[in-house]
Amino acid sequence: MLTHYDVIIVGGGIAGVSAVEQLQASDTSLTVLLVSLTACVKTVSNVVALGRVLEQFDVLEQHHRHFSELHPGVNFLHAKVVGFDPENKSITCERFDDQSTPLELTYTRICFCTGGSPKLIHSSPLVLGIRDVESVQSLQAKLESATHVALVGNGGIANEFVHEVKNVRISWVVRDSFINSTFLDPGASQFLLHTLAQEKESNSSTSASKRWLYEVSQGSQGARGAALGPDWHKDLELSGPEHKSNISIEYSCTIAHISEKSSPDGKPFLEIQLSNGKSISCDFLVSATGVNPSIELFSNIPTVNLSSDGGIKVDDNFRVLGLANVYAAGDVCTPTWEYSPFWSHMRLWTQAKQMGAFAARCMMTHARDESLPLDICFDVFTHVTKFFGFKVILLGNFNAKGLDKNETEFLLRCSPGEEYVKVVLHKDRMCGAILIGETDYEETFENLIMNQFDLSQLKDDFLDPNIDIDDFFD
């Protein structure tokens with residue numbers, strides 16, 4: 001094994017793997033090392049371009065042996081990075097297959113794609129964070145005997161948990177006045193809630209996930225794996241022992257106190273006090289409240305700047321501020337450039353893929369002493385996901401953040417159970433959109449946001465279902 005590499009990528013998640021794949025596509029003569037905490041890495045497949053920037057893709061779990069077969073020019077190391085010395089351009093690793101002797105490696109350039117760890121609201125074996133394969137396996141095991149589960153959080157993971165978990169009582173604690181406020185508005189949230197009005201039946205396949213073909217290796221147990229993909233629940237049995245589901249939502253409140261207790265037969269449970277005065281007794285709690293960037297390797301480096309959200313500050317070429325030849329991409333970093341009015345930073349699979357690939361391109365460009373302008377994918381925010389079984393596309397400033405209310409208006413079309421379309425106009429120009437269902441508007445809307453076409457003469461009929469929007473722009 002080499003001890004020096006042109007590029008070392010730390011982290012086997014979407015950002016790290018995207019960086020490795022971009023490096024290999026650019027220059028196969030590079031010596032590249034991917035260091036991963038787990039024996040499996042996250043890869044992207046079935047990429048479908050829905051616009052100039054907008055992409056839909058699947059996230060797969062792939063064992064490193066298969067990954068190495070597909071990328072023979074990439075070296076793989078299953079290890080934990082325990083030391084980072086930017087002055088000597090070196091890292092220290094503890095291999096999971098040989099922990100007796102630490103391994104010191106040097107680099108010309110290095111990119112940290114170490115992701116994040118779940119924000120747990122309480123430290124207890126009865127409080128779970130859904131982040132990687134191992135955590136979902138733990139969730140499956142606990143659901144088998146659970147009758148009542150508490151859930152806190154209002155993002156994508158929380159919403160999919162409510163939709164996918166069956167045959168158990170769920171108490172969902174939401175600090176906002178509507179669900180999924182991270183991504184949606186009250187109208188879109190109400191549209192999705194109709195799918196919860198009907199009683200859910202347990203009809204999931206009992207087969208193991210097709211994407212998780214490898215068990216967590218003994219050597220890496222306890223190490224945090226890469227983040228789950230957008231369809232983390234696909235082909236999984238997430239079911240309790242009850243014969244029906246029961247979901248109650250506690251809006252506009254938070255968890256005030258958690259205490260651990262035991263039933264007369266010795267079974268542990270949680271007693272949860274809410275800020276609205278109510279209490280919940282449950283078998284366990286799922287904490288789906290986001291992630292903290294994994295910055296442990298930078299904790300003793302005084303020249304590194306951290307943002308208010310805990311991420312490592314990077315410039316518009318994903319160089320870590322304050323360090324030479326050090327880059328960061330994905331959940332671990334926070335961009336510091338002046339954002340486009342149609343782009344915002346969110347810790348999502350889409351942006352992890354974009355950041356990793358662009359960081360790799362920047363490293364290649366800087367090796368030639370050249371600079372690289374910011375990629376077009378950072379001009380317009382784009383994200384494709386699924387909520388409650390519906391395809392959801394978010395474009396531009398979809399939540400109208402920071403816009404003057406007097407200069408902003410919304411166009412809305414809703415067909416209950418089929419589609420929800422919301423357009424954000426600022427000074428008669430489209431700046432964002434929320435699309436739920438098979439609307440086929442995504443490419444047109446992305447172009448309208450990028451081109452800033454004046455819609456003042458069209459907006460009255462713009463979302464008329466009897467009019468083909470594309471006819472306006474032929």
Side-chain angles (χ1 to χ4, degrees), residues 1-13 15-39 41 64-65 67-115 219-220 223 226 294-301 303-304 312 314 317-330 332-333 355-372:
M1 182 177 183
L2 299 175
T3 58
H4 178 83
Y5 294 87
D6 294 325
V7 180
I8 294 179
I9 306 294
V10 181
V17 172
S18 297
V20 166
E21 292 178 337
Q22 182 65 51
L23 288 168
Q24 280 289 286
S26 302
D27 187 351
T28 56
S29 68
L30 286 173
T31 54
V32 178
L33 175 68
L34 175 61
V35 185
S36 174
L37 269 174
T38 57
V41 298
H64 73 85
R65 286 193 293 270
F67 179 79
S68 295
E69 290 173 358
L70 297 174
H71 303 84
V74 177
N75 298 276
F76 182 89
L77 178 63
H78 182 202
K80 179 179 182 181
V81 179
V82 295
F84 171 44
D85 184 351
E87 289 188 7
N88 293 313
K89 302 175 75 171
S90 69
I91 58 172
T92 304
C93 304
E94 290 183 353
R95 301 178 60 154
F96 289 115
D97 59 356
D98 181 11
Q99 298 181 355
S100 59
T101 305
L103 180 65
E104 184 170 312
L105 304 170
T106 59
Y107 60 84
T108 302
R109 286 177 172 79
I110 190 169
C111 183
F112 288 90
C113 305
T114 47
S220 58
S294 297
I295 59 170
E296 293 86 356
L297 292 169
F298 294 84
S299 59
N300 295 321
I301 302 176
T303 57
V304 171
I312 300 168
V314 295
N317 274 201
F318 287 89
R319 291 171 290 208
V320 174
L321 300 186
L323 295 178
N325 301 309
V326 179
Y327 301 72
V332 73
C333 77
M355 290 179 177
F358 185 65
R361 289 173 53 202
C362 290
M363 287 188 281
M364 295 289 298
T365 303
H366 298 158
R368 301 189 297 267
D369 292 324
E370 300 173 1
S371 59
L372 193 64

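Sequential numbering from 1 along the given sequence is applied to the chain's residues.
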Discussion item. The criterion is side-chain contact (heavy atoms from CB on, under 4.5 Å); which residues satisfy it with Ser26, sequence neighbours excluded?
Written reply: Gln22, Met364
Worksheet item: Under the side chain to side chain donor-acceptor pair (under 3.5 Å) test, which residues partner Thr31, sequence neighbours left out?
Response: Asp6
Response to the item:
Those residues at least two apart in sequence (or on a different chain) that pass side chain to side chain donor-acceptor pair (under 3.5 Å) with Thr365 are none
Worksheet item: Got a sec, which residues hit salt bridge (Lys or Arg N to Asp or Glu O under 4.0 Å) with Asp97, two or more places apart in sequence or on another chain?
Response: Arg95
Fill in: Partner set under ring pair (Phe, Tyr, Trp, His ring centres under 6.0 Å) for Phe84, not counting sequence neighbours
Phe112, Phe298
Worksheet item: Partners of His4 by ring pair (Phe, Tyr, Trp, His ring centres under 6.0 Å), sequence neighbours excluded?
Response: none
Worksheet, complete the sentence: Contacts of Val314 meeting side-chain contact (heavy atoms from CB on, under 4.5 Å) (sequence neighbours excluded), chain-then-number -> Phe318, Val320, Ala328, Cys333
Worksheet item: Mind checking what makes ring pair (Phe, Tyr, Trp, His ring centres under 6.0 Å) contact with Phe76, not counting sequence neighbours?
Response: His64
Worksheet entry | Set of side-chain contact (heavy atoms from CB on, under 4.5 Å) partners for Asn317, sequence neighbours left out | Asp315, Arg319, Phe358, Cys362, His366, Leu372
Item to complete: Apply salt bridge (Lys or Arg N to Asp or Glu O under 4.0 Å) to Glu370 and list each qualifying residue two or more places apart in sequence or on a separate chain.
Response: Arg368
Worksheet item: Under the side chain to side chain donor-acceptor pair (under 3.5 Å) test, which residues partner Ser29, sequence neighbours left out?
Response: Asp27
Fill in: By side chain to side chain donor-acceptor pair (under 3.5 Å) - contacts of Asn88 (at least two apart)
Asp85
